[in-house]
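Data first, discussion second: the structure below is written as structure tokens.
This one's a predicted model, so the numbers in the text were calculated from it and none came from an experiment. Chain A is the first sequence line, chain B the second, and so forth, proteins listed ahead of strands; every chain is numbered from 1.
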Amino acid sequence: MFSDNKALFTHQLLQWNETQNHRPLPWKGIKNPYFIWLSEIILQQTRVEQGLPYYLKFTEKYPTISDLANAPEDEIMKMWEGLGYYSRARNLHAAAKYVADELNGNFPETYEEIKKLKGVGDYTAAAIASFAYNLPYAVVDGNVYRVLSRFFGIETPIDSTEGKKQFTILAQELIDKKKPAIYNQAIMDFGARHCTPAKPLCLFCNMQANCVAFQTGNTDKLPIKSKKKKKKTRYFNYIILENSENEIAVNKRLGKDIWLNLYEFILLETEKEITLKEIRAKAKEILQINTEQLEIVASYKQLLTHQKIISKFAYIKINELVNNKNFNFIKKEAIKQLAFPKSLKQFIDNSDIF
DNA sequence: AAATCGGGGAC
DNA sequence: GTCCCAGATTT
């Protein structure tokens, strides 16, 4: 019946989709390219459960791409607060302005034009093209790498240039060109719910007889990744400086580092962990104030993909105003309007200073 | 080709 | 602790 195992794969995947796939999500089946784009950006490297509330928030506050384009950057960053990978939010805003201003609010309708949007790469362009316009571009995301590497027994590292090329070509051969949207949705749902990274449901899988990984007992070895990630440890010592007007010193993070365009307190970054005494001395030098009353009020660790951040928070209230153009003093009540990195937001929410 | 960009959940 | 998630961009 099938000339090769590729046609068999597509057939059995769609069969699984029709009989076993039950995963209702608000962006499934819709055709509004703006909402689809928004959902795809939010879901980049993000679990559906984590991204879902953000999608609902964004679509309610910004019903059209022009609403998003006209919003202030800080407001969008605040909306994105806690979701991580903040360049997505910055690119989202830039792309919205591009569509609103340069394209008269008309979302691009071809793969090539869609990919010109900032923050839209191969995967996202294929997703939008297929879901919104039913164009035959196969998505290749983490789910697809896993499903295809297992079913076809492909051992090429998925994080290599060769692997990316090989899987992209294969995925494009497999897609059902008569129903690209359904196929793309199906393979990702299958990877997320059935052919999972750990403990895949092979015993209940309608594809097990043709799955190379299952037949050879290599399910837990595929897909193969070659690169390993190294973490560096950084020490962030934050000074929460409150002046006589109940204002707190904050800065917007600039330059080439994590958390670009988010806010933070006065930061003293050090090569190693330092004591309260040392924090007081450094703060005194920088701020030119008496820091004897400076006290550590919290400290904790945060793990990022490539960094481990060990934070200390030290608080001091002084009975004067500080004339220092390096800091912005913001009323306490207004602090919670600004977008902070997750660890700082947690501190703010849990501290009785605010 | 390799490094970097967050945060959370499963194990 | 490790791995990975509807990846993209920069170096």
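- Applying the side-chain hydrogen bond (donor to acceptor under 3.5 Å, both in side chains) test to pairs two or more places apart or on separate chains, those with a residue in residues 86-99 of chain A are A/Thr46-A/Arg88, A/Glu73-A/His93.
- Within a heavy-atom distance below 4.0 Å of DNA chain C, no residue of residues 151-173 of chain A is found.
- Legend: side-chain hydrogen bond (donor to acceptor under 3.5 Å, both in side chains) pairs involving residues 258-268 of chain A, not counting sequence neighbours, sorted by first then second residue: A/Asp74-A/Tyr263, A/Tyr238-A/Glu264, A/Arg253-A/Glu264.
- Between the side chains of A/Glu278 and A/Thr275, at least one donor-acceptor pair of N or O atoms lies under 3.5 Å.
- Less than 4.0 Å separates DNA chain B from at least one heavy atom of each of the following residues of residues 45-55 of chain A: A/Gln45, A/Thr46, A/Arg47, A/Gln50.
- Comparing the same atom, C1', in B/dG6 and in C/dC4 gives a spacing of 13 Å after rounding to whole Å.
- As judged by a 4.0 angstrom heavy-atom cut-off over every strand, A/Thr124 is placed among residues touching the sugar-phosphate backbone only.
- The stretch residues 343-351 of chain A has no heavy atom under 4.0 Å from DNA chain C, so no residue of it qualifies as close.
- Using a 3.5 Å distance cut-off with no hydrogens or angles, the side chains of A/Tyr315 and A/Glu242 do pair a donor with an acceptor.
- Put simply, CZ on A/Arg88 is 10 Å from P on B/dG6, counting in whole angstrom units.
- Tracing side-chain contacts under 4.5 Å through hydrophobic residues (I, L, V, M, F, W, Y), one never reaches A/Leu260 starting from A/Leu267; they form parts of separate clusters.
- On the nucleic acid side, DNA chain C has its first and last nucleotide under 4.0 Å of a heavy atom of chain A at C/dC4 to C/dT11, going 5' to 3'.
- Contacts between residues 14-37 of chain A and DNA chain C, defined by a heavy-atom separation under 4.0 Å, are made by A/Arg23, A/Leu25, A/Trp27.
- Among the heavy atoms of the strands, none lies under 4.0 Å from A/Ser87.
- A/Ile296 contributes atom CD1, which lies 8.5 Å from atom CZ of A/Arg280 (distance to the nearest 0.5 angstrom).
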Show me the side-chain donor-acceptor pairs of residues 346-354 of chain A shorter than 3.5 Å, one per line, residues at least two apart or across chains.
{"residue": "A/Asp349", "atom": "OD2", "partner": "A/Lys345", "partner atom": "NZ", "Å": "3.0"}
{"residue": "A/Asn350", "atom": "ND2", "partner": "A/Gln346", "partner atom": "O", "Å": "3.0"}
{"residue": "A/Ser351", "atom": "OG", "partner": "A/Ile353", "partner atom": "N", "Å": "3.0"}

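- Along DNA chain B, the nucleotide nearest to A/His306 and the one nearest to A/Phe340 differ in position, and the one closer to the 5' end is contacted by A/His306.
- Heavy-atom distances to DNA chain C give each of A/Gly119 and A/Lys308 a nearest nucleotide, and the one nearer the 5′ end belongs to A/Lys308.
- DNA chain C is contacted by A/Asp141, A/Gly142, A/Asn143 of residues 127-145 of chain A, taking any non-hydrogen atom closer than 4.0 Å.
- Applying the side-chain hydrogen bond (donor to acceptor under 3.5 Å, both in side chains) definition to pairs two or more places apart or across chains, those involving residues 192-208 of chain A are A/Trp16-A/His194.
- Of the residues in residues 256-267 of chain A, those lying under 4.0 Å from DNA chain C by heavy-atom distance are A/Lys256.
- Summary of the strand contacts: A/Ser226 and A/Tyr85 both lie near DNA chain B, and taking for each the nucleotide with the nearest heavy atom, the more 5' one is attributed to A/Ser226.
- Within the nucleic acid shown, A/Asp189 comes within 4.0 Å of at least one base atom, counting heavy atoms only.
- Listed for the A/Lys28 side chain is a donor-acceptor partner under 3.5 Å among the backbone atoms of A/Arg23.
- Although no hydrogens or angles enter the test, the distance criterion places a donor-acceptor pair under 3.5 Å between the side chain of A/Glu81 and the main chain of A/Phe340.
- Scanning for salt bridge (Lys or Arg N to Asp or Glu O under 4.0 Å) contacts around A/Asp67 gives an empty result, with sequence neighbours left out.
- Side-chain N/O atoms of A/Asn210 and A/Asn5 include no donor and acceptor closer than 3.5 Å.
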